[in-house]
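Counting convention: from 1, in listed order, for ligands and their atoms alike.
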Amino acid sequence: MISTRTIESIRADFPLLQRTQGKNPYIYFDNAATTQKPRSVLDAARVYYETLNSNVHRGVHMLSQQATDAFEESRRVIQRFIHAKEDREVIFTKGTTNGINIVAHGFSRAILKPGDEVLISGMEHHSNIVPWQMACEYTGAVLKVIPLNDRGEIIYEEFLKLLTPRVKILAVVQVSNALGTVNPVKEMIADAHRLGIPVLVDGAQSTQHLRVDVQDLDADFFVFSGHKVFAATGFGILYGRAEWLDKLPPYEGGGEMIKEVTFEKTTYNELPFKFEAGTPHIEGALSLAEAIRYIEGLGIDFIAARETELLSYATESLAQIPEVIPVGTAAHKASVLSFNIRNAHHLDVGTLLDKQGIAVRTGHHCAQPLMQRFGIPGTVRASFAFYNTTAEIDAFHQALVRSIGMLV
Ligand code: PLP
């Protein structure tokens, strides 16, 4: 479905986009860090507290049952959104980082042995590096890294060479937060599966931009964060193929994740509850379900097409500025424009843009090894969502030219 709504009416759904700085509308180009929330998502959390607030799964009373129904309906909405086969394969987490830690912890307890390998790519976010380093440290496994070319793409032949029977898991980002590169994860999964290697996909930057179908990808694990998909912070999803989730031990112990507890022994609950110890982020789940309804109302194809248009408009706009050095020029990109300014520090550029009412991110974007690969301390990153406009990109261009005038 393609939305026929005007961009003005879509922007009106987002209270924060109505903010101004001085006389000018505030320009928010930090969507890869977190996205703004439509009113329907904000209302979902408020309505939950006003009408349903009670703890889920445990109560016999009406409120608890209604809250549980709404909570579990959210799981089914999310299941349909990523096209998981079963709702028990959708685990509620605190976010992408938490999801990866659950899997890495499980692998370190149940799968990895000394000499085994964990394969990641050279463009991973720290949250898809450090949990695996920790897993390797505990088990004696070795972390291997797929190298990148100068455009910021995986060198596929090198990936194939690194794919050996020693690899016990491949963990790879679908869309790079620092470069915008869209990786060929479906192809990578097919190649990994030929050797029986399971694959975790870091979808922190993909579900908000592209249609994700975990069964079509054939992913074994897929993780993402609600706050990057127009929903609340502190909530996210770990999708796992049931056979794999059954094999892994729980990450945290406590209420909800048990079947029976004695002082001698505890038996664990079935999926998804085995991985959901403690009172969950109930309004987080409701808010993500509402955000998905919002995305589906616009149409993910509309969103993808609009963002492609914004990214190519912005790429062409910055190409007119001779001092701009793009970082990450992959053939297939989504929504992120990273760059440096010749003879200027990224932090100074970001600060001057901020003074002109434009929010961009500066720094290493939690991808220090990637910055080392490019021999730079960081970049300026503008990242777009469907609610951004070409007029905003024009204002950004002008503000950048003014900043460069002050700096170089
Ligand atoms: N992976 C990628 C590619 C990201 O962009 C991010 C956040 O920026 C994360 C993982 C971590 O997400 P969170 O902080 O929501 O857990």
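- Among all heavy-atom pairs drawn from Y387 and I7, the shortest one is CA-CD1, 3.9 Å.
- No more than 12 heavy atoms of other residues, nucleotides or ligands shown are found within 6.0 angstrom of CZ on R166.
- Sorted by first then second residue, the ring-ring contact (aromatic ring centres under 6.0 Å, His included) pairs that include residues 388-408, not counting sequence neighbours, are F29-F396.
- Among protein residues, T96, T97, H125, S127, V173, N177, D202, A204, Q205, S225, H227, K228 come within 4.0 Å of ligand 1, judged on heavy atoms.
- Residues D220 and R241 are paired through a salt bridge, judged by an N-O separation under 4.0 Å between the basic side chain and the carboxylate.
- Applying the ring-ring contact (aromatic ring centres under 6.0 Å, His included) test to residues at least two apart or on different chains, the pairs with a partner in residues 325-370 are H126-H364.
- Residue pairs meeting the ring-ring contact (aromatic ring centres under 6.0 Å, His included) criterion with at least one member in residues 201-220: none, sequence neighbours excluded.
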